[in-house]
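Following: one structure in structure tokens, then a few remarks.
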Number of protein chains: 2
Amino acid sequence: MITGKNYIGNLLSSIGDITFQTFNPKTNTENTAVFYEASTIEIEKAAELATKAFQTFKNTSGLKKAAFLNEIANEIEALGNELIETYCAETGLPEARAMGERGRTLFQLRSFANLVSEGSWLEATIDTEDLNRLPIPKVDLRKMLVPIGPVVVFGASNFPLAYSTAGGDTAAAFAAGCPVIVKSHPMHAGTGELVASAIIKAAEKTNMPNGVFSNLNSSGIEVGATLVKNPNVKAVGFTGSIIGGRALYNMAAERPEPIPVFAEMGSVNPVIILPNAAKNNGINWAKTYASSITMGAGQFCTNPGLILGIKGTDLTNFIKKLSEEILQIEPTCMLHPKIIGAYETNKVKMQNQKGLQTTANFENETSQNYGKQIITTVEGNTFLNNTTLHQEVFGPFSMVVQCENFHQLEEIISKLEGQLTGTILAENGELMAYSNIINALQNRVGRIIFNGVPTGVEVCPAMTHGGPYPASTDSRFTAVGVNSIKRWVRPFSFQNWPNELLPSELKNENPLGISRLINGENTRKPIN
Amino acid sequence: MITGKNYIGNLLSSIGDITFQTFNPKTNTENTAVFYEASTIEIEKAAELATKAFQTFKNTSGLKKAAFLNEIANEIEALGNELIETYCAETGLPEARAMGERGRTLFQLRSFANLVSEGSWLEATIDTEDLNRLPIPKVDLRKMLVPIGPVVVFGASNFPLAYSTAGGDTAAAFAAGCPVIVKSHPMHAGTGELVASAIIKAAEKTNMPNGVFSNLNSSGIEVGATLVKNPNVKAVGFTGSIIGGRALYNMAAERPEPIPVFAEMGSVNPVIILPNAAKNNGINWAKTYASSITMGAGQFCTNPGLILGIKGTDLTNFIKKLSEEILQIEPTCMLHPKIIGAYETNKVKMQNQKGLQTTANFENETSQNYGKQIITTVEGNTFLNNTTLHQEVFGPFSMVVQCENFHQLEEIISKLEGQLTGTILAENGELMAYSNIINALQNRVGRIIFNGVPTGVEVCPAMTHGGPYPASTDSRFTAVGVNSIKRWVRPFSFQNWPNELLPSELKNENPLGISRLINGENTRKPIN
């Protein structure tokens, strides 16, 4: 079923010269399907089709968009085992993970379908006219959110389903009314094509305009760069490395018409273990964190790469226990030889930093491409004075920083770059005493966790996945949960517009029965 | 009362070497007060103080922020006539305008006070835990909006009160919980200092932290550039020219940590006059538009600089009448010799474009610095092929484009740059027939107006003031109305956080009684 071709709108296309294959890291061999990288002509065609499709898709009702999103979910389910097998063959991840991620992807699509089938999310706001107001009459103004235009979504290497082809960014953009062009991730191009075929089928079944979706293969950075520079593209969603995300952000900012880029990038997700937590519960936390650090071979954006505590016996014991526990865990396969290559390089780079000690280093033989976990430790002063130590090592790696005192701990936190998450491990009542540390941590993160692990990102309205740069390029938005739709919409006002020509959401009679803010009052009532 | 000094936090400071004076365009003489441009040391000090102030200001309750905002309004009122006189002496604008703008400024401050005294705007969202969920328990997540950090606000030349020192951007940032550093506009530095003194008094009276506000004088671009590059600054608000706004946007995007810039920039605010409107009501529209084009000497962001119609007798008659009417209007004083200088240069530049005809050109003698209105016209083809004709001429200038047909009109609209507003003048029933033109116009603007004028920006929740680039640098936000607060906040989530340490907005008992989204339901109820 995998053709290796691009979807330029509804049509398969392969006019380019560059081809590539995906790789099975578990068997350490190339997969057989041959993929055709999208050519410049195909990229431009996809962008033109998207702009054309936008003219009708932007006015498509919430119920029709919901039908489209639900049908995508159904079609992905209908791909059945072929999708799971392709996913596993292209990532080295286990079947259970593939199925879990598929479930999450379907849940996201259906969540957005639910959101847009009821129109209250559009923030319909009406201020009615007042002809008697002095010194001048008040006009009638009605505002709602409208889609921003075609969105380019970059597939994420570490989430081939939930943050790639029909993942969170795509689902949010469709829900908003924006056509999507996916720059498929080269490591899972087959998974991408299968999901793309499901989207195309759903688009055809639900009568969406041709061009509402395209899927472009790529083996390097060129396809993505060409897309971001294309004047028909109006926004970008990206999940990946800081270098990649920042490069796209820069390109978008340098366009004659700059466009928003929401890039969810690196994070070391600092964890602070407070003294009583280390003392009374250090052994349990060590077990829990050994598991969190190695989960998915450490390939989650929220992997805890940095643990901070106050130097002393309790922290020493915690490090010892964490090191013992993590060595009990069997390493697992990483996504790609390139990923494990970078992991090994970064591990060595860290180990070469002055003052860094390795307290656990899995050295038993494993199959090829397995990520061997490592725990390191460093003094607070050393960490403060060497920003290389602040960088993310993507993989099952964590560093424990032994701070001199709370003042130093606070200083370290306040000097960290922006993070997706921050975690505090504390015993009852202990938290209250460290408000300055919590305050400092809140400044640096998008989500703060009490006595838990940062891995595991719940998909729900109260989730924030994003944070100060470089956790994301725009901390004002989340990439997870239905509020992520706000990245792809803009407010739009109608002044004195004839009622019969207003969108349903803003008509006097409120035919959709949505919640609206009318003259300052939230109500579902019509206007008489 | 005007000292010419900067406010670095609560203290007046003047350690720099560069001084300048403001100019009275009506008397064509310099005003006497001497202003000290902020030095690099003062800029850094202001930014450091703002960061320090942020640590307490960000946790200040909505009621206390409301008291601060209301007190600013009171203190501005208490400035009395000195403010009005200074405003007039620094702008050449009439007293009635000064008083109207002051009223608007007070209204904005009080609107934000109202907004934040009730906390529902914070979008408090709670998803409670579910320990029985399979395969893993669901954590407790609670989200709300938090301030982004210190904001730099650039005063606008054309709105010395409503979009400068204590204008919309500042009021929104304070309401959000962000300290503000104002880069005062050099043309009205005295007005700026007076308003700054009111803010400082209000801050002291309501016990706001020192550094919550600073006011920096500048005579050129250096102070602003230094501020935007300062790592303590986390966001920027700007109203002004495309060149200025884009330069700041670029600087912010090139920082090691890029920050959001909301720049509200140029716009020609296209007006489409449909055939029956031109035929049946052209004379009235000509009168109305003669007045709108010359309002405030054409110095509004929403000035109608471009009128589009279909070539023919009715449009010719409209142009004739508009030209006659506009010559009946007495020119008024522009803001500054630099502004009128640019106006004259741009007028001549336009008149030198091939195919442009001038149909009205006020040539009677006036006092110095008065903006003499001009109406020009051009064929659709000529307009399409010369993008110089698409540029804004800031002042009482408008261009009527005579399109060959509706196809050309639609093409012209779709090729326009982004605009704040678009207007359609139409007779009953006529609008329905031109849905493709309305559709094209909606793509290019933030607000669409039926049978009215774009000038006059109502301050209310349903207003959108912003639009596709270059109307603004980020069309996802409005610069007017209480929703403009969204520019300066980011979502933040607490996971499994102890109830007693949560902000009031997220506590189980809902002590503030605000509206919250709890497990998908909007409610003011507490959680049991």
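In what follows, chains carry the letters A, B, and so on, assigned in the order in which the sequence lines appear, proteins first and then strands, with residues in each chain numbered from 1.
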Under 4.5 Å to a heavy atom of chain A? For B:Asn250 that would be side chain
Could you look at A:Ile148 and say if it's the side chain, the backbone, both or neither that has a heavy atom under 4.5 Å from chain B? side chain
Does the plane of the ring in A:Phe477 sit parallel, tilted or perpendicular to the ring in A:Phe262? Use 30° and 60° as the thresholds. perpendicular
If you define the side chain from C-beta out and look only at heavy atoms, does anything of B:Lys58 sit under 4.5 Å from B:Val146? no
With a 4.5 angstrom heavy-atom cut-off, could you sort out which part of B:Asn59 is near chain A: side chain, backbone, both or neither? side chain
Would you mind checking if B:Arg524 and B:Glu118 are paired as a salt bridge, meaning a charged N to carboxylate O distance below 4.0 Å? yes
Per-residue contact mode, A:Arg487 against chain B (heavy atom under 4.5 angstrom): both
When you check the side-chain N and O atoms of A:Ser493 and B:Thr464, is any donor under 3.5 Å from an acceptor? yes
Is B:Pro470 close to chain A through its backbone or its side chain, or both, or neither, when contacts mean heavy atoms under 4.5 Å? neither
Select, from B:Ala253, B:Pro258, B:Cys460, the one with the greatest count of heavy-atom pairs under 4.5 Å involving chain A. B:Pro258
Under 4.5 Å from any heavy atom of chain B, what part of A:Asn439 do you find: side chain, backbone, both or neither? both
From the list B:Ile437, B:Ile424, B:Asn451, side chain to side chain contact (heavy atoms under 4.5 Å, CB included) with B:Leu431 holds only for B:Ile424
Pick one of side chain, backbone, both or neither for B:Asn519, based on which atoms fall under 4.5 Å of a heavy atom in chain A. neither
Does B:Asn232 reach the main-chain N or O of B:Pro150 with its side chain, forming a donor-acceptor pair under 3.5 Å? no
Between A:Glu101 and A:Arg97, does at least one N-O distance fall below 4.0 Å, as a salt bridge requires? yes
Against chain A, work out which of B:Glu254, B:Glu257, B:Lys138, B:Gln442 has the most heavy-atom pairs shorter than 4.5 Å and name it. B:Gln442
If we define contacts as heavy-atom pairs under 4.5 Å, which of B:Val482, B:Asn114, B:Asn443, B:Thr478 has the most with chain A? B:Asn443
Against chain A, work out which of B:Pro461, B:Ala252, B:Pro256, B:Gly100 has the most heavy-atom pairs shorter than 4.5 Å and name it. B:Pro461
Using non-hydrogen atoms only, which part of B:Ile448 is less than 4.5 Å away from chain A: side chain, backbone, both, or neither? both
Chain B contact via A:Pro135 - which portion, at a heavy-atom distance below 4.5 Å: neither
Non-hydrogen atoms of chain B under 4.5 Å away: do they reach the side chain of A:Met432, the backbone, both or neither? both
Which bit of A:Val445 comes within less than 4.5 Å of chain B, counting heavy atoms only: side chain, backbone, both or neither? both
For B:Leu517, is it the side chain, the backbone, both, or neither that has a heavy atom closer than 4.5 Å to a heavy atom of chain A? side chain
Heavy-atom contact with chain A under 4.5 Å, split by part of B:Ile136: neither
Heavy-atom cut-off 4.5 Å, strictly under: side chain, backbone, both or neither for A:Lys234 against chain B? neither
Between A:Leu145 and chain B, with a heavy-atom cut-off of 4.5 Å, which part of the residue counts as in contact: side chain, backbone, both or neither? neither
So, A:Gln55 versus B:Asn436: side-chain donor-acceptor pair below 3.5 Å or not? no
Measure distances from A:Arg255 to the heavy atoms of chain B and classify the residue's part below 4.5 Å as side chain, backbone, both or neither. backbone
Short N-O contact, B:Glu458 and A:Lys143, less than 4.0 angstrom: no
Please state whether the side chain, the backbone, both or neither of B:Glu417 comes within less than 4.5 Å of a heavy atom of chain A. neither
Side chain to side chain contact (heavy atoms under 4.5 Å, CB included) with A:Thr302: of A:Met295, A:Gln419, A:Arg447, only one passes, and it is A:Arg447
